[in-house]
Amino acid sequence: MAARVRADRAVFANCRFEGYQDTLYVQAHKQFYRSCIVSGTIDFIFGDAAVVFQNCIMVVRKPNDNQQNMVTTQGREDKQQATGIVLQKCTIKPDDKPVPVKDKIRSYLGRPWKEFSRTIVMESK
């Protein structure tokens, strides 16, 4: 894990979070990320904060053999919670390093971690 953020009203701008599995733990409260780069493989943005990533770049790296990539994993347990992960005007792209087996690696925008998981991807490419 590169970072775990639990602070309320946390704001990050022009930061870089690099890792593989579980890179950025957006654990709780309200968070905002603008013009940041987050790289990883499995569940590399995960947690249960009310978090917005705006104009960020998500770099999907090569996972270990027989693994697949998940950019987000949201963990909302109660349908009344006002939490979720929002990717707005973001770019989701593979690592620039050539990978000979890149066509065989499965990558997903997200997966549920808990019963009422919520992730929104909007105006992104």
>> Quick check for you: to the nearest 0.5 Å, what is the distance between Asp96 atom CG and Arg61 atom CZ?
In response: 11.0 Å

> Strictly by modelled atom types, are Arg34 and Gln54 linked by a side-chain donor-acceptor pair under 3.5 Å?
Replying inline: yes

> Does any N or O in the side chain of Arg118 come within less than 3.5 Å of the main-chain N or O of Thr83, such that one atom is a donor and the other an acceptor?
Replying inline: yes

> How many angstroms lie between atom NZ of Lys125 and atom CD1 of Ile57, to the nearest 0.5 angstrom?
Replying inline: 9.0 Å

> Is the closest basic N to carboxylate O distance between Arg111 and Asp43 below 4.0 Å?
Replying inline: yes

>> Rounded to the nearest 0.5 Å, what separates atom CE in Met70 from atom CD in Gln67?
In response: 8.5 Å

> In terms of heavy-atom contacts, does NZ of Lys89 have more than 12 from other residues, nucleotides or ligands at under 6.0 Å?
Replying inline: no

> For Phe116, which fellow cluster members are found when Ile, Leu, Val, Met, Phe, Trp and Tyr are connected by side-chain heavy-atom distances below 4.5 angstrom, either directly or through intermediates?
Replying inline: none

> Between the side chain of Ser124 and the main-chain N/O of Cys90, is any donor-acceptor distance below 3.5 Å?
Replying inline: yes

> What are the two closest non-hydrogen atoms of Glu18 and Ser39, and how far apart are they?
Replying inline: CA-OG, 3.3 Å

> Is Tyr108 reachable from Met122 through a run of I, L, V, M, F, W or Y residues, each pair having side-chain heavy atoms under 4.5 Å apart?
Replying inline: no

> For Asn69 and Ser107, which heavy atoms make the closest approach, and how far apart are they?
Replying inline: ND2-OG, 3.0 Å

> Under a single-linkage rule joining Ile, Leu, Val, Met, Phe, Trp and Tyr whose side-chain heavy atoms are separated by less than 4.5 Å, which residues share a cluster with Ile45?
Replying inline: Val5, Phe12, Phe17, Leu24, Val26, Tyr33, Val38, Phe44, Val51, Phe53, Met58, Val60, Val71, Ile85, Leu87, Ile92, Leu109, Val121

> Any sub-3.5 Å donor-acceptor pair from Ser35's side-chain atoms to Asn14's backbone N or O?
Replying inline: no

> Any side-chain heavy-atom pair from Ile105 and Lys62 closer than 4.5 angstrom?
Replying inline: yes

>> If we ignore hydrogens and angles and just use 3.5 Å, is the side chain of Glu115 paired with the main-chain N or O of Ser117 as donor and acceptor?
In response: no

> Does any non-hydrogen side-chain atom of Trp113 lie less than 4.5 Å from one of Gln74?
Replying inline: no

>> Measuring from atom CG of Asp8 to atom CZ of Arg6, what distance do you get when rounded to the nearest 0.5 angstrom?
In response: 10.5 Å

>> How long is the straight-line distance from CZ of Arg16 back to OG1 of Thr23, given to the nearest 0.5 Å?
In response: 11.5 Å

>> Check this for me, if you would: do Asp48 and Arg76 make a salt bridge, where the nitrogen-to-carboxylate-oxygen distance has to be below 4.0 angstrom?
In response: no

>> Tell me the closest heavy-atom pair linking Ile42 and Gln68, and the distance in Å.
In response: CG1-O, 3.3 Å

